[in-house]
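To keep things clear, I will list the structure first and then write my remarks on it.
Worth saying up front: this structure is predicted, and the values here are computed from it rather than measured. Side chains included, hydrogens not; waters and symmetry mates left out as well; all remaining heavy atoms used. Indexing begins at 1, ligand by ligand and atom by atom, following the structure's order.
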Amino acid sequence: MNALIINCSPVRTGATAEIVSIIAEQLSARYDVRTVCIDDYRIGFCRGCRSCHTTAECIQHDDADLQMNEFELADIIVCVSPSYWADVPGQFKVFIDRCTPWSNTHEPHKALPAGKRGYAVVLRTGPGMKECERLIGTIEHFYSHLNIERRGSLGLVSVEYREDVESRKDDIEAFCKTI
Ligand SMILES: Cc1cc2nc3c(=O)[nH]c(=O)nc-3n(C[C@H](O)[C@H](O)[C@H](O)COP(=O)(O)O)c2cc1C
C-alpha cells in the first residue's frame with residue numbers, strides 16, 4: 001500500500017518537515033512511503049469562476065494536477081500542517097480551493113478511487129489545543145468532500161522549531177502505530 005505524507009508548510013527544514021520525516025520512518029516498514037512538500041508545487045489561486053461545477057474541470061492547468069496525481073496513487077494520506085494564523089498555511093489552502101473539481105458538493109465532479117484513508121497531524125507554537133482542532137477541522141472537511149475516509153488526527157502544541165519535536169517523538173510514534 002502507498003502512503004503519501006504531505007508537508008503542508010512551505011518550510012522544508014522546520015518542525016513540520018521534522019514530523020514528516022519521523023512519520024515517514026515509522027510508516028516505511030509497512031507501506032511504500034512518498035513525502036512531498038507543498039512548496040514543490042506552483043499552484044494558482046482558485047478564481048471562483050465555478051465552471052468546474054458544470055464541467056468537473058478547472059480552467060487552469062498547473063501543478064494542482066500533479067499534486068492530485070499523488071492523491072490518486074496513495075492509499076493513505078497524511079497531511080502534516082503547522083498553524084499559520086490559526087489555520088493551515090495559505091499555500092495549502094490554495095491547493096484545497098483548487099480541488100473543487102473533485103468536490104462531492106456538485107455534479108458532475110471528478111472522483112478519487114474509493115477506499116483512501118486520511119489522517120491529520122497539526123502543530124502550533126501556542127499552548128491551546130482548540131486551535132489545533134480548528135486545523136484538524138479544515139483538513140478533515142477537505143477529506144470528507146473528496147470521499148477520503150477520516151481515520152485519525154494528532155495535535156501538537158508548544159512546537160516552534162524542529163528542535164522542539166524531539167520531546168514529542170513518543171506521541172508521534174504512538175500515533176503512527178494507529179495508521
Ligand atoms: C506566518 C506564521 C503564522 C503563524 N501563526 C501561528 C498561530 O496563529 N498560532 C500558533 O500557535 N502558531 C503560529 N505560528 C507558529 C507555527 O505554527 C510553528 O512555528 C510551526 O512549528 C511552524 O512550522 P514550520 O516551520 O515547519 O512551518 C505561525 C508561524 C508563521 C511562520
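- Considering only non-hydrogen atoms, atom 27 (O) of ligand 1 lies nearest to Ser9 out of Ala86, Ala17, Ser9.
- For Ile38 against Pro10, the heavy-atom pair with the smallest separation is CG2-N, 3.9 Å.
- In this structure, the protein non-hydrogen atom closest to atom 13 (C) of ligand 1 is Ser83 O, 3.2 Å.
- Across the listed options Leu156, Thr13, Thr16, Thr125, Thr16 owns the non-hydrogen atom lying nearest to atom 26 (O) of ligand 1.
- The hydrophobic clustering, which links ILVMFWY residues whose side-chain heavy atoms are closer than 4.5 Å, places Leu66 and Val94 together.
- For atom 9 (N) of ligand 1, the closest heavy atom belonging to the protein is Glu131 OE2, 2.7 Å.
- Within the listing of ligand 1, atoms 10 (C), 11 (O) sit less than 4.0 angstrom from a heavy atom of Gly126.
- Contacts between Ala15 and ligand 1 below 4.0 angstrom, taking non-hydrogen atoms only, involve backbone and side chain alike.
- Using modelled atom types, one side-chain atom of Arg134 and one backbone atom of Ala86 make a donor-acceptor pair closer than 3.5 Å.
- Residues Val88 and Val157 do not share a hydrophobic cluster, defined by chaining ILVMFWY side chains whose heavy atoms lie under 4.5 Å apart.
- The protein non-hydrogen atom at the shortest distance from atom 5 (N) of ligand 1 is Trp85 N, 2.8 Å.
- Of the protein's non-hydrogen atoms, the one nearest atom 21 (O) of ligand 1 is Glu160 O, 2.8 Å.
- Checking side-chain atoms of Arg150 against main-chain N and O of Ile139 turns up no donor-acceptor pair under 3.5 Å.
- The aromatic rings of His106 and His53 sit parallel, their planes meeting at an angle under 30°, below the 60° perpendicular limit.
- Given atom 22 (C) of ligand 1, the protein heavy atom at minimum distance is Pro82 CB, 3.7 Å.
- In this structure a side-chain-to-backbone donor-acceptor pair under 3.5 Å is missing from Asp32 to Asn2.
- Which of Arg124, Arg12, Arg162 comes nearest to atom 11 (O) of ligand 1 through a heavy atom is settled by distance: it is Arg124.
- Within the 3.5 Å criterion, the main-chain N or O of Cys37 finds no donor-acceptor partner in the side chain of Asn7.
- Summary of contacts: the protein heavy atom closest to atom 20 (C) of ligand 1 is Leu123 CD1, 3.7 Å.
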